[in-house]
Every structure is written in C-alpha cells, then in structure tokens.
Amino acid sequence: MLSQFDYVKPLVLNEALAALAKEDNSYVLAGGTDLMIMLRHNAINARHIIDIKGIPELNELRFIENEGLTIGANVVVNALVDSELVKNKYKALHDAASCLASFQLRNRATLVGNICNASPGADLPPALLVYDAVVKIASVDGVREVPLVEFFTGVKKTVLTKNELVLSVFLPDPGDNDASCYLRQTRLKGHDLSTVGVACRLDGKGKVAVAIGAVAPTPLRLKALETAINEKGLSGETILWAADAINEHIKPISDVRSSEAYRRHMASVLLKRCLVTLTGKEV
Amino acid sequence: MTVAELKNDGKACAMDTAHISSARELRVVIDLVVNGERVIEEIEPNMLLLHFLRDRLKLFGAKEACGEGECGACTVLMNGYAVTSCLVLAVEANGAEILTVEGLSKGNELSILQQEFVFQDALQCGFCTPGMLMSARGLLDNNPNPTDEEIHEAMAGNLCRCTGYLQIFNAVKRAAEREREEREE
Ligand code: FES
Ligand code: FES
C-alpha cells in the first residue's frame, strides 16, 4: 500500500507549474517507472502527485532539419526505439534506448524521466551527452535551458529546483556523415542498470566525442580525453592509447553491480569497441 | 526544410489524455474498459492498477511478485501495449482499455497463444504464465511477424523461476505462425 497522496492531472502547462509551485512534497508523474518504486519504498514523502500526461505539448517528438530533435517529457523510450529517424540520425541514442530496462518498462518510461532520476548508471545520458543535449526547464518564473553536461550534480541529484519541470530535451541536428554508438556491460539483459555504459560519436568533421555512465556520481562527458584523441588523430594506435588513458578520467566505485577494477577494465574495453566500430580501424 | 513529426501515438504513456479534474482529489472515479467491459469505480489515487484488478475486480491473473517492474508477473495490456501494472496507478488507467489474461480466451475456448503455451510445455508452476502471455499478446498485436530477436526482446522483462524459457519462446513463435495462417484463411 502506498502512502496517501492526492492526484491532479492538468491539461495545460501553466496549471501544472502552478500546482508544482503551490505545495511542498509535490511530485511529477509521467511514466512513473521510477516514481512508483520510490513511493513503494517510502523513499520520498509524496503528498501531491501531478500527472503531466494530459498536457499535449509535452508529447512532442519532432525533428527539424538543420535544427534538431525535440523530445518532450511524455515521450516514452519505446517511441525512440520505434523511430527510424532516431536510428539513422542518433544511433547512440537508439542503442541506449533499445537496451534500457525491459520492453514493458520502455512502454511507460520516458527519456526525460530517465534524466530527472539522475541515476549514475542510467543508459540514456551518455548517448545524449555526445550529442550536446540541452534540457528545457520551466517553472512559474519562466523557462531556462541547461546543457545536459551541467544538469547532473550528484547521485540522484540535478540542478532542478522543486518548482521546476523539465519540458523537453533538445539534440542539435548532427548533419550528414555523423556516426555514433552506445555499448554497455550489464549483469542481466532486460533487467539491470549498466555496470558501465560508453557512448562515442564521430561527427561529420571527423571529431570524436566520448561519454560514459556508471563510473562516477554523474554521467560524464570526457572532453579532455576527446581533445587528446582528436589531436593524436584516430589511428588504431590512438584507439589503444585511449582505451588505456580513459582510466585517468573516471572515478568508479565498487558496489553490488561490479568491483571498481572490473568497471575500469570494462570502460577500457567498451571504449575500444566503440571506436573500432565507428572507425573500422583494426587494433 | 524537413519537419518530421515522429510517431508517438499508440504508446501507453503519452497516449492517455483522459481528464480527471483539475482539483486535487483524495478520491477519484475512474471509468475504463477492462477485458471489453466498461468499469466505473471510485478509488483512492494511491491504488495501483495491479491491486485494482486483483482486489477490486477480482481478476487474479496478473500476479504480484517483485512489485518493482523487474519480473513481469503483473503484465497487462494498456491501450494495446504491455505494461507492468505494479508500476501504474489505477487512476492513470482512467479512460484506458485494459486487457488481462482473463480476456484472452473466448469463453472456455483457449486462444491460439494460450493453446501453444500448453502444446509447447511452456508452463510448469504457471505463476509467470499470465504475464508471459500478456507480453506475448502485446508483441503479436503490434508486430504479427516478429523475428526471433524481437520475441526475445519483448519477453526479456518476464522472469520464469521454473526457467522453461526455450519452451516459452517456442510457444510464442508457433503462435505467431498459427495466427498468421488463420488470418490468411
Ligand atoms: S510484480 Fe510487477 S514486475 Fe514484478
Ligand atoms: S512456470 Fe513457474 S515461474 Fe514460470
């Protein structure tokens, strides 16, 4: 039995924002796949639930050429998996969406919920990070945009204040000749967060971007490593060097999913596999 | 300039636009369709869909095992898509169509999918079976010609502690073939 709360399902955004600002202990409900678990464990004291699924503008999933892809707060993960456009333009995101939790959960879980939950081992953030995703946030005081790299502040912590609601995530159009992938290591397919998850992107200009999950309190974009790789040039030798060097950029811990040593090993292996996949280089 | 409106229509989550009320409520009336029959009930908002089905409607097919979306024993179809009903509030199902394992057979006649679970020995204790059947139903309704990989993917959220996974896979695959044959007739 869940503790008692009241429930409201606004049909317009302003109503939702007003409800959120009005009372403490208000929680936003979209897919609910993380929220229900927190309620069940009494991990949060929710007195008011604001269901945002009645707000049509949050259903937006739209791509505009030369601009980019907008993913609204109500867009479920399987909608991304089913999208040919996401598969062709944002392969890493498609990979990550395809391996998130189980099929049933992907029918409910939203991408925005996945980032708001801010689990260090979440699958979607690394894929979003290599695409320079921007988070659009609203409250009664107005709208602000925060780059995803600045969005996570710690384990299960984000820059969101309790009055704020994420409207959407925006990914710039990567243009043509852009390739990316997301690879993860997990204990059990279909049920677990990743032990380590690595996203790599090779953009149209031949520049590499790397992001990684489950090796620090927040998902990380490894800018320093990217710069070094790009300066060296993407040879087989560089790939081997990078697979080694990645360990200086991460701070994994040991927990139920893995030891620190294994995480370090897998970060290295996955980075190598990603770069080999993207470049076709032999190592 | 291309503007692509991507498909985000049929999914269980974004789809449900039924309105309750903009007032905060501690009791709500929900109006939904369960296994083809309209149901109107007053509930508290903290009631899970799983408990609504089992305790209120006495539909005991969906099982509660983990209660956290890990095992799939509570799987039902919501607006045609498989969801774990332990992670859905009953109030979220307002306006929705719910299908549980009880809605699969026609009277005493088992559906093709259920028959194949019997023929392929896809159940032992049977505890996971209602959830397995509903995940499979959700798959075949949305994708009548699934590849082996798609079957594995759709069923990966359902655990079987008796571990007859191969038989379960075979049952779904065979059911897909038979349903296809039946449609072509
Ligand atoms: S009881 Fe719902 S997934 Fe296990
Ligand atoms: S048949 Fe026993 S749990 Fe699956």
Side-chain angles (χ1 to χ4, degrees), chain A residues 1-12 15 19 23 29-37 39-41 48-49 51 53-54 56 58-67 69 72 74-76 78-80 82-86 98 101-110 189-191, chain B residues 1-28 44-48 51 67-72 74-76 78 81-89 91-92 94 131 134-135 138-139 142 152-159:
Chain A
M1 181 77 175
L2 305 178
S3 63
Q4 210 179 40
F5 47 77
D6 60 34
Y7 172 91
V8 57
K9 186 173 182 181
L11 294 185
V12 289
E15 237 181 83
E23 315 253 16
L29 168 65
T33 50
D34 286 315
L35 184 67
M36 289 307 138
I37 293 171
L39 289 173
R40 188 183 168 94
H41 289 191
H48 316 284
I49 296 289
D51 186 344
K53 290 191 291 295
L58 302 183
N59 294 347
E60 184 182 23
L61 179 59
R62 184 207 307 248
F63 177 77
I64 303 181
E65 203 172 309
N66 299 325
E67 288 185 27
L69 177 68
N74 285 337
V75 174
V76 299
N78 263 346
L80 304 173
D82 287 350
S83 161
E84 280 300 311
L85 188 137
V86 172
S98 306
S102 66
F103 195 80
Q104 294 99 310
L105 260 73
R106 295 199 293 269
N107 276 340
R108 291 291 288 177
T110 62
K189 190 172 185 297
H191 297 274
Chain B
M1 188 171 77
T2 345
V3 179
E5 291 288 349
L6 305 184
K7 183 180 125 215
N8 184 32
D9 44 23
K11 297 297 178 215
C13 169
M15 232 345 244
D16 97 71
T17 47
H19 188 38
I20 298 251
S21 142
S22 46
R24 294 171 187 279
E25 316 237 16
L26 275 171
R27 293 194 73 76
V28 287
E44 293 182 0
N46 64 350
M47 184 176 229
L48 294 170
H51 297 156
E68 300 190 356
E70 299 285 345
C71 73
C74 65
T75 303
V76 301
M78 183 168 179
Y81 290 92
V83 302
T84 49
S85 61
C86 67
L87 296 183
V88 179
L89 294 173
V91 54
E92 293 181 89
N94 183 44
M134 298 321 291
S135 280
L139 169 70
N142 292 297
H152 284 138
E153 222 19 81
M155 307 299 294
N158 292 75
L159 298 182

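Throughout, a chain's letter reflects where its sequence line sits, starting with A, and its residues are numbered from 1. All values reported here derive from a predicted model rather than from experimental measurement.
- Side-chain contact between A:Arg108 and B:Leu87 is absent, with no heavy atoms from C-beta onward closer than 4.5 Å.
- For B:Glu68, the parts lying near chain A are the backbone and the side chain together; criterion is any non-hydrogen pair under 4.5 Å.
- One distance of note links CD1 of A:Ile37 with SG of B:Cys86; it measures 7.5 Å at 0.5 Å rounding.
- For B:Leu139, no part lies under 4.5 angstrom from a heavy atom of chain A.
- Between A:Asp6 and B:Pro45, the shortest heavy-atom contact is CA-CG, 4.3 Å.
- Counting only distance, with no hydrogens or angles, the side chain of B:Asn46 and the backbone of A:Phe5 share no donor-acceptor pair below 3.5 Å.
- Partners of B:Thr75 according to the side chain to side chain donor-acceptor pair (under 3.5 Å) rule, which considers only residues two or more places apart in sequence or in another chain, are A:Gln104.
- Closest approach of A:Ser102 and B:Gly157 over heavy atoms only: CB-CA, 3.3 Å.
- Evaluation of the side-chain contact (heavy atoms from CB on, under 4.5 Å) rule for A:Leu29 yields A:Tyr7, A:Leu35, A:Met36, A:Ile49, A:Asp51, A:Lys53, B:Leu89, B:Glu92 as partners, not counting sequence neighbours.
- Rounding to the nearest 0.5 angstrom, the gap separating the CG atom in A:Asn107 from the CG atom in B:Asn142 is 8.0 Å.
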